[in-house]
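The sequence lines fix the lettering, A, B, ..., with proteins before strands; numbering per chain opens at 1. Hydrogens, waters and symmetry mates play no part in the numbers below; they use all other heavy atoms, side chains included.
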There are 2 protein chains.
Amino acid sequence: MPLDRSIIARLSLFEGLGPAELDSILRDARSVRFAKEAAIFEQEAEARSFYVLLAGHIRVVRTTPDGRQVIARYISEGEIFGVAAALGRLTYPATAIAAVDCVVLVWPNAVWPDLSSRFPVLTAGTFKTVGARLQDTQARVMELATEQVEQRVASALLRLVKQTGRKTDAGIEIDFPISRQDIAEMTGTTLHTVSRLLSAWEERGIIVSGRQRVTITDAHRLVMLAEHRDG
Amino acid sequence: MPLDRSIIARLSLFEGLGPAELDSILRDARSVRFAKEAAIFEQEAEARSFYVLLAGHIRVVRTTPDGRQVIARYISEGEIFGVAAALGRLTYPATAIAAVDCVVLVWPNAVWPDLSSRFPVLTAGTFKTVGARLQDTQARVMELATEQVEQRVASALLRLVKQTGRKTDAGIEIDFPISRQDIAEMTGTTLHTVSRLLSAWEERGIIVSGRQRVTITDAHRLVMLAEHRDG
DNA sequence: GCGCCAATTTGCGCCAGCGCAAATCGCCTG
DNA sequence: CAGGCGATTTGCGCTGGCGCAAATTGGCGC
């Protein structure tokens, strides 16, 4: 049963492609479901496929030789990921884990050169995605190098709500389960420090939070915290 | 006076291209010389060109809104850089400064789509470079997030000697002037701490250093320092 | 060869944030 | 609805490394 082109037609990565072209691209793909906390691919494993996330949220984690983990980024719907091979790598540099139940499209790497040359839009879009990632990553280096923990955590939350925020009556909620530990691994600190910060912010009415859940109620003040050292 | 193809024939970026193709690529380029400490392009400036470094070393620096600087990377001979436009950006994300007198090739951005489609090797090579950079940058995030200052400085020195090391009778020397401040801006610390570390290492015979100059005399012990917390 | 200036070194005090440990809390399961 | 477990909170003490400031050094221009 072939995949319906409607599932990718709306994605910016495939913008400007006609129905026949979309079908042609989909012919090489298959759709796969991953349960929450399942690994889509693992760090160091041979890169055999690249992916597009259709539904869900994915956590990309790198582990150091001594077992410490750092969250490289979260992937949202519509994004292409796992493009290691296109970047000239033989293995995945990180592990991708479904933060919630997910649906992804999978292409075997072998079709990349062909797809890439037949659809320059796709190449350009992938360049753009990778470029944006390089940007983000460098911005994080800047943050880690120059900012205090409080600023970094505030920025991380703001980035998350911007990327995946869902309006609720209390404010904007991060749309998937995220623990203090996760936030610590995004910002280079410990879950203890994150917990203390979130508690203090909750006290001041900037956020409300619970188990694996954070809602920003006063984004403006959080921005102040992220930028300055007041709030 | 047209540029001679021999100046780029040896670069891996242009590997596999024939004489006519090299000439064709060079037709759009011009060669420019930059004096030490001159800026090749500036952060936030409109991205009009992309570059290949023919001779010298370039320091890529990002400045925060409040004026703090972080060295994103050093560019070595043969590398393509300033590819902001190919990545879908309108401005340069950082400032590029000649660490020593440099010679670069410059292409106007306008020719990229054409070159890229005519020479897939070039596209792939650029992908590869950008991918490697993304790798490096993420490795730095890991370091900043999980390692102590001593490890980070040791790793930075090792990366520099690997990239640009020049053998001397005392050991391997970093091939361009680099200050304590520069090292601090690469590792997210202060020149004071870097100075203290280098002094201690010199005491222990691991390096010798002077004004804007560092030579590794015992790389093995530096690797130990970078990995562990002994040495 | 002298003087100037930037780069480097080093001492000292302080504090943000980590490590450790213990207590709670919420959810999910049986 | 009790039990169990992982997530979270919070107290406490310690320290790596920063900020400040002053002294010293090495090289370069004149």
(request) Let me know the distance between CD of B:Glu185 and P of D:dC18, rounded to the nearest Å. (result) 13 Å
(message) Between P on C:dG13 and CZ on B:Arg196, what's the gap in Å once rounded to a whole number?
(response) 13 Å
(message) Quick check on C:dA6: is either OP1 or OP2 less than 4.0 Å from any side-chain nitrogen or oxygen of B:Ser179?
(response) no
(message) Rounded to whole Å, please give me the gap between CD in B:Glu202 and P in C:dT9.
(response) 8 Å
(request) For A:Leu191 and C:dG19, give me the distance from atom CG to atom P, rounded to whole Å. (result) 10 Å
(request) In sequence, state the C-alpha distance, the side-chain angles, and the governing distance for B:Arg59 and B:Glu185, and then conclude on salt bridge (Lys or Arg N to Asp or Glu O under 4.0 Å). (result) CA-CA 11 Å; B:Arg59 187 169 71 236; B:Glu185 288 177 4; 6.0 Å; no
(message) What's B:Ser195 touching, base or sugar-phosphate or nothing? Going by heavy atoms closer than 4.0 Å.
(response) base
(message) Can you tell me which nucleotide in D:dT8, D:dC20, D:dG17 comes closest to the side chain of B:Val149?
(response) D:dG17
(message) In whole Å, I'd like the distance from the NE2 atom of B:His192 to the P atom of D:dC20.
(response) 9 Å
(request) Could you check how far CG of B:Leu197 sits from P of C:dT9, rounded to whole Å? (result) 11 Å
(request) On DNA chain D, check which nucleotide each of B:Gly188 and B:Arg211 is closest to and give me the residue with the more 5' one. (result) B:Gly188
(message) Using ring centroids (six-membered ring only for Trp), state whether B:Phe127 and A:Phe127 fall under 6.0 Å.
(response) yes
(request) Please report the shortest heavy-atom distance between B:Val100 and B:Gly56, naming the atom on each side. (result) CG2-CA, 3.7 Å
(message) By nearest atom, which of the nucleotides D:dT9, C:dC18, C:dT9 is closest to the A:Thr190 side chain?
(response) C:dC18
(request) Could you check whether the rings of A:His57 and A:Phe176 sit parallel, tilted or perpendicular, using 30° and 60° as the cut-offs? (result) tilted
(message) With a 4.0 Å cutoff (strictly under), does any side-chain N or O of A:Thr193 reach OP1 or OP2 of C:dC18?
(response) yes
(request) Measure the distance from CD on B:Gln148 to C1' on C:dA16 and round it to the nearest whole Å. (result) 14 Å
(request) Calculate the interatomic distance between A:Gln212 atom CD and D:dT9 atom P; express it in whole Å. (result) 12 Å
(request) Decide whether A:Thr129 and A:Thr126 meet the rule of one side-chain donor and one side-chain acceptor closer than 3.5 Å. (result) no
